Amino acid sequence: MTGSATYLLHSRVPVAPGAKFPVGAQLARRDREGGHATFVALAGDEVMELTAFASLAELPAVLAVRSEAERGVAPWLTGEWRHEILGHVEDVIAAPQAITAAPMVEMRHIEVPPPVYAEYRQWRERTIYEAVRQRSEIDDFRSYQSVLSTEPGVMFVVGFSAEPARYAEVYRTQQYQEILREAGSRYIAQGLSGLRCTLYARPQVAEELDRRAA
């Protein structure tokens with residue numbers, strides 16, 4: 001699928017210690033450019049998948065394919081799959097494919113109280129978006145909003161190729177720290193504690209990073 005996906009199915013599952021690399025590798029056999037991608041968490045034992053689709057009418061077929069794959073890795077799972085549907089809002093830094101082709105991705109989630117959501121949309125355009133557009137560490141940056149989720153809110157899906165430590169510097173500048181302080185005081189439910197950020201990499205990349213860190 002080319003261009004931004006109208007919808008993303010965001011799926012994640014906890015796995016047994018030491019199992020994330022083989023589980024990720026097995027699930028990644030289903031990956032297809034722009035349509036489906038498998039990642040493993042850089043910290044913790046979790047596998048995450050993104051599936052792009054154009055219409056909610058496609059969801060039954062997407063779930064049918066998932067069901068078989070989920071059964072195949074069930075022995076290594078320590079909990080249930082968590083699924084949510086994300087609706088595309090805008091591309092801040094665009095990419096040709098519906099799902100990033102970058103080797104790593106960060107999922108950045110917040111919940112914004114409805115009374116300030118419209119104001120937040122205007123604010124983030126001149127603050128968050130302006131800041132990230134200047135950074136070469138980011139390959140692509142897309143904004144989504146939950147359509148169906150037990151954890152509703154805004155999700156930024158950020159693809160990157162830089163080393164994780166270098167990528168993290170994007171959010172440690174004085175400019176971005178001020179953005180975070182303002183967001184926490186005005187727009188994020190539960191303040192800055194409501195910001196959830198998780199780094200993932202494609203299974204082979206994550207395994208190589210793990211070897212280098214050992």
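Owing to the predicted nature of the structure, the values given are computational and were not obtained by experimental measurement.
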- For Arg126 and Glu130, which heavy atoms make the closest approach, and how far apart are they? O-CB, 3.7 Å

- Item | Exceeds 12 heavy-atom contacts within 6.0 angstrom, atom CD of Gln134 | yes

- Task: Please answer whether the main-chain N or O of Gly44 pairs with a side-chain N or O of Lys20 as donor and acceptor at a distance below 3.5 Å.
- Result: yes

- Backbone of Thr38 reached by a side-chain donor or acceptor of Asp31 within 3.5 Å: yes

- Message: Does Leu59 form a side-chain contact (heavy atoms from CB on, under 4.5 Å) with Phe53? I'd like the steps, not just the answer.
- Response: CA-CA 8 Å; Leu59 187 58; Phe53 56 106; 4.0 Å; yes

- Note on the structure: When every non-hydrogen atom of Asp139 is compared with those of Ile93, the smallest separation belongs to O-CG2, 3.5 Å

- Donor-acceptor contact below 3.5 Å, side chain Ser55 vs main chain Ala57: yes

- Please determine if Arg124 and Glu90 form a salt bridge, counting it only when a charged side-chain N lies under 4.0 Å from a carboxylate O. yes

- Task: Answer whether the closest heavy-atom distance between the side chains of Leu180 and Leu192 falls below 4.5 Å.
- Result: yes

- Message: To the nearest 0.5 Å, what is the distance between CE on Met155 and OG on Ser149?
- Response: 7.5 Å

- To the nearest 0.5 Å, what is the distance between CD (Gln177) and CZ (Arg172)? 9.0 Å

- Short N-O contact, Glu163 and Arg166, less than 4.0 angstrom: no

- Does Val62 belong to the same Ile/Leu/Val/Met/Phe/Trp/Tyr cluster as Val147, with side-chain heavy atoms less than 4.5 Å apart forming each link? yes

- Short side-chain to backbone donor-acceptor contact, Gln26 and Gly72, under 3.5 Å: yes

- Item | Mutual orientation of the aromatic rings belonging to Tyr187 and Trp123 [parallel < 30°, tilted 30-60°, perpendicular > 60°] | tilted

- Straight-line distance of Ile110 CD1 to Leu195 CG, nearest 0.5 Å: 7.0 Å

- Item | Chi angles and distances behind the salt bridge (Lys or Arg N to Asp or Glu O under 4.0 Å) call for Glu182, Arg186 | CA-CA 6 Å; Glu182 188 174 0; Arg186 296 174 61 183; 2.5 Å; yes

- Message: Less than 4.5 Å apart, side chain to side chain, heavy atoms only: is that true for His10 and Leu86?
- Response: yes

- Determine the minimum heavy-atom distance between Pro14 and Arg82, stating which atoms define it. CD-NH1, 3.3 Å

- Closest non-hydrogen atom pair between Ala37 and Arg202, with its separation: CB-NH1, 3.7 Å

- Note on the structure: Here the pair of heavy atoms bringing Met104 nearest to Pro164 is SD-CG, 3.8 Å

- Item | Residues, nucleotides or ligands: over 12 heavy atoms within 6.0 Å of Glu169 CD | yes

- Message: Can you list everything that forms a salt bridge (charged side-chain N to carboxylate O under 4.0 Å, His left out) with Arg66? Sequence neighbours excluded, please.
- Response: Glu49, Glu70

- Query: Heavy-atom distance under 4.5 Å between the side chains of Ile179 and Ile128, does that happen here?
  - Reply: yes

- Message: Check for me, please, whether Phe39 and Met107 land in the same ILVMFWY cluster - side-chain distances under 4.5 Å, paths through other members count.
- Response: yes

- Task: State, with a plain yes or no, whether a side-chain heavy atom of Leu8 is found less than 4.5 Å away from one of Thr51.
- Result: no

- Message: Which label fits Phe156 and Phe141: parallel for a plane angle under 30°, tilted from 30 to 60°, or perpendicular past 60°?
- Response: tilted

- Query: Can you name the closest pair of heavy atoms from Arg108 and Cys197 and give their distance?
  - Reply: NH1-SG, 3.5 Å

- Would you indicate whether the side-chain heavy atoms of Val73 and Leu27 approach each other to under 4.5 Å? yes

- Message: I need the Glu84 CD to Thr150 OG1 distance, nearest 0.5 Å.
- Response: 7.0 Å

- Would you say the side-chain atoms of Arg71 and Ser67 include a donor-acceptor pair closer than 3.5 Å? yes

- Contact check, side chains of Tyr144 and Val157, non-hydrogen atoms, under 4.5 Å: yes

- Message: I'd like to know if the side chain of Glu125 pairs up with that of Tyr120 as donor and acceptor (distance under 3.5 Å, no hydrogens or angles considered).
- Response: no

- Going hydrophobic residue to hydrophobic residue with side-chain gaps under 4.5 angstrom, can you get from Tyr129 over to Ile188? yes

- Sidechain-backbone polar pair: Thr173 side chain, Tyr176 backbone, donor-acceptor under 3.5 Å: yes

- Message: Just so I know, are the side chains of Val92 and Val158 near enough to count as touching, which here means a heavy-atom distance under 4.5 Å?
- Response: no

- Task: Quick one: sort the Trp81 and His83 rings into parallel, tilted or perpendicular, breaks at 30° and 60°.
- Result: parallel

- Item | Basic-acidic side-chain contact under 4.0 Å: Arg196, Glu151 | yes

- In terms of hydrophobic clustering (I, L, V, M, F, W, Y; side-chain heavy atoms under 4.5 Å; direct or indirect links), are Leu42 and Val15 co-clustered? no

- Message: Connecting only ILVMFWY residues whose side-chain heavy atoms lie within less than 4.5 Å of each other, what is the rest of Val65's hydrophobic cluster?
- Response: none

- Please test Asp210 against Phe21 for side-chain contact (heavy atoms from CB on, under 4.5 Å), starting from the C-alpha separation and ending with a verdict. CA-CA 10 Å; Asp210 188 67; Phe21 300 130; 3.7 Å; yes

- Partners meeting salt bridge (charged side-chain N to carboxylate O under 4.0 Å, His left out) with Glu46 (sequence neighbours left out): Arg12

- After noting the C-alpha distance and the side-chain angles of His109 and Val154, does the key distance pass the side-chain contact (heavy atoms from CB on, under 4.5 Å) rule? CA-CA 6 Å; His109 173 270; Val154 173; over 6 Å; no

- Between Leu77 and Tyr200, is there a shared hydrophobic cluster once you connect ILVMFWY residues whose side-chain heavy atoms come closer than 4.5 Å? no

- Task: Please step through side-chain contact (heavy atoms from CB on, under 4.5 Å) for the pair Glu106 and Tyr167, ending with a clear verdict.
- Result: CA-CA 10 Å; Glu106 182 176 35; Tyr167 165 76; 2.5 Å; yes

- Is a salt bridge present between Arg142 and Asp91, judged by a nitrogen-to-oxygen distance below 4.0 Å? yes

